[in-house]
Protein chains: 2
Amino acid sequence: MKSETLKLENQICFKIYTAEREITKLYRELLKELNVTYPQYLVLLLLWEKHSLSVKELGQRLFLDSGTLTPMLKRMEMNGLVERKRSEQDERSVIVSVTEKGNALKEKAECIPSQLVDNIPMGKEELSTLNETLTSMLEQLQNHSK
Amino acid sequence: MKSETLKLENQICFKIYTAEREITKLYRELLKELNVTYPQYLVLLLLWEKHSLSVKELGQRLFLDSGTLTPMLKRMEMNGLVERKRSEQDERSVIVSVTEKGNALKEKAECIPSQLVDNIPMGKEELSTLNETLTSMLEQLQNHSK
DNA sequence: AGTTATTTAGTTGTACACAATTTAATTTTA
DNA sequence: TAAAATTAAATTGTGTACAACTAAATAACT
């Protein structure tokens, strides 16, 4: 019937689908204390670096559109983590910046990467191979969807 | 632990998160003709093999709980793809079986794996390495979440 | 047997994710 | 420069995910 490659391919997609949910589940635990979700944590990671970014820029970095970001950023604003303000140079654009409260979470978040590693112990070699594979896979996928 | 490794883990998690969405997006296109979503397609894959499974068994295979499955299966039932019926041996259990209409989609779906591979060209070697890595990663993750 | 514990689906509420559409602001171009 | 095209967010509607809870059936135990 089907070639092995095709079958394997299916398994890999399912495994990525499953891994994503398991990783999110793990982050949920680690982030519980911060009272943020994983996507919100990703926004914070960016804002801890750059302090403020437009919705568009956040979307470009996270590959999310306004349909996802707008409500999420509103929730974060409601929780006092970020501020949203129309740009004065370009009124179409909305600038999101991290508040003091949002910045304060950075300290609490310091330990998260190491806790993560504790739960997914992998060799250095394996890690970088996986990283490269995912990178090229993502390139293929994102090339296509554009 | 070196900060290099910590950062890499974080990046890998983000890439898996992103890859999952890109893969789902690709499937969305491929499955548009069948009028099913990727998770629904996964259910069909199982039912094409086994004809009927309980909600519990579906959940065990897909790592999804009734909170996700029940509404999804109801949508599939509404679309005429599956049937849901209480088991007579055990009234707690609900048996989901594929209908003729659901089975008819199998033919249309045959071409999907190869179309998928066309969009993610990867070497056999790389593919099986990725598969192994994800498998062990999943084991770690699922062990932990118990 | 009768009570307690466990199991199985379903329900409720929250939070993404994204397609499709809308609105308003800015660019482009005719 | 006025009209057309483009851009940036927001909105609307659908479909997962999952935690927490409920209800009903079955199993286990005294």
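Atom set for the values below is all heavy atoms of this structure, side chains included, hydrogens, waters and symmetry mates excluded. Because the structure is predicted, anything quoted here is derived from the model rather than measured. Below, chain A is the first sequence line, B the second, and so on; all start at residue 1.
Surrounding CD of A:Glu33 are at most 12 heavy atoms belonging to other residues, nucleotides or ligands under 6.0 Å away. Atom CG of B:Asn35 is surrounded by 12 or fewer heavy atoms from other residues, nucleotides or ligands within 6.0 Å.
Judged as a side-chain hydrogen bond (donor to acceptor under 3.5 Å, both in side chains), and not counting sequence neighbours, the contacts of A:Thr135 are B:Lys15. Evaluation of the side-chain hydrogen bond (donor to acceptor under 3.5 Å, both in side chains) rule for B:Asn119 yields A:His144 as partners, not counting sequence neighbours. By the side-chain hydrogen bond (donor to acceptor under 3.5 Å, both in side chains) test, B:Ser66 pairs with no residue at all, sequence neighbours left out. Under the side-chain hydrogen bond (donor to acceptor under 3.5 Å, both in side chains) criterion, A:Gln40 pairs with no residue, sequence neighbours left out.
Sorted by first and then second residue, the ring pair (Phe, Tyr, Trp, His ring centres under 6.0 Å) pairs with a member in residues 32-51 of chain B read A:Tyr17-B:Tyr38, B:Tyr27-B:Tyr38, B:Tyr27-B:Tyr41; sequence neighbours excluded. Every pair tested for salt bridge (charged side-chain N to carboxylate O under 4.0 Å, His left out) that includes a residue from residues 53-62 of chain B fails, sequence neighbours excluded, so the list is empty. Applying the side-chain hydrogen bond (donor to acceptor under 3.5 Å, both in side chains) test to pairs two or more places apart or on separate chains, those with a residue in residues 79-90 of chain B are B:Glu77-B:Arg84, B:Ser87-B:Gln89, B:Asp90-B:Arg92.
Phosphate proximity of C:dA17 to B:Tyr17: present, with a side-chain N or O under 4.0 Å from OP1 or OP2. Here A:Arg75 does not reach the OP1 or OP2 of C:dT14: none of its side-chain N or O atoms lies under 4.0 Å away.
Side-chain contact check for A:Thr24 and A:Glu20: at least one donor-acceptor pair (N or O, by modelled atom type) lies under 3.5 Å.
For DNA chain D, the outermost nucleotides in 5' to 3' order that have an atom under 4.0 Å from a heavy atom of chain B are D:dG15 to D:dT26.
Between A:Val55 and A:Leu69, the closest heavy-atom pair is O-CD1, 3.6 Å.
Atom C1' of nucleotide C:dA15 and atom NZ of A:Lys25 are separated by 16 Å, given to the nearest angstrom. With rounding to whole Å, B:Lys32 atom NZ is found 15 Å from C:dC18 atom P. Rounding to whole angstrom units, CZ of residue B:Arg28 and C1' of C:dA20 are separated by 13 Å. The CG-P distance, from A:Leu31 to C:dA15, rounds to 14 Å in whole Å. When the C1' atom of C:dT14 is taken as reference, atom CG of A:Asn79 falls 12 Å away, rounded to whole Å.
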> Along nucleotides 2-13 of chain C, 5' to 3', which nucleotides get a B, which get an S, and which get a -, given that the test is a protein heavy-atom distance under 4.0 Å?
Replying inline: -----BSBBB--

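Backbone-only engagement by B:Gln89 is indicated by non-hydrogen atom pairs under 4.0 Å involving sugar-phosphate atoms exclusively.
Within residues 33-49 of chain A, no residue has any heavy atom closer than 4.0 Å to DNA chain D.
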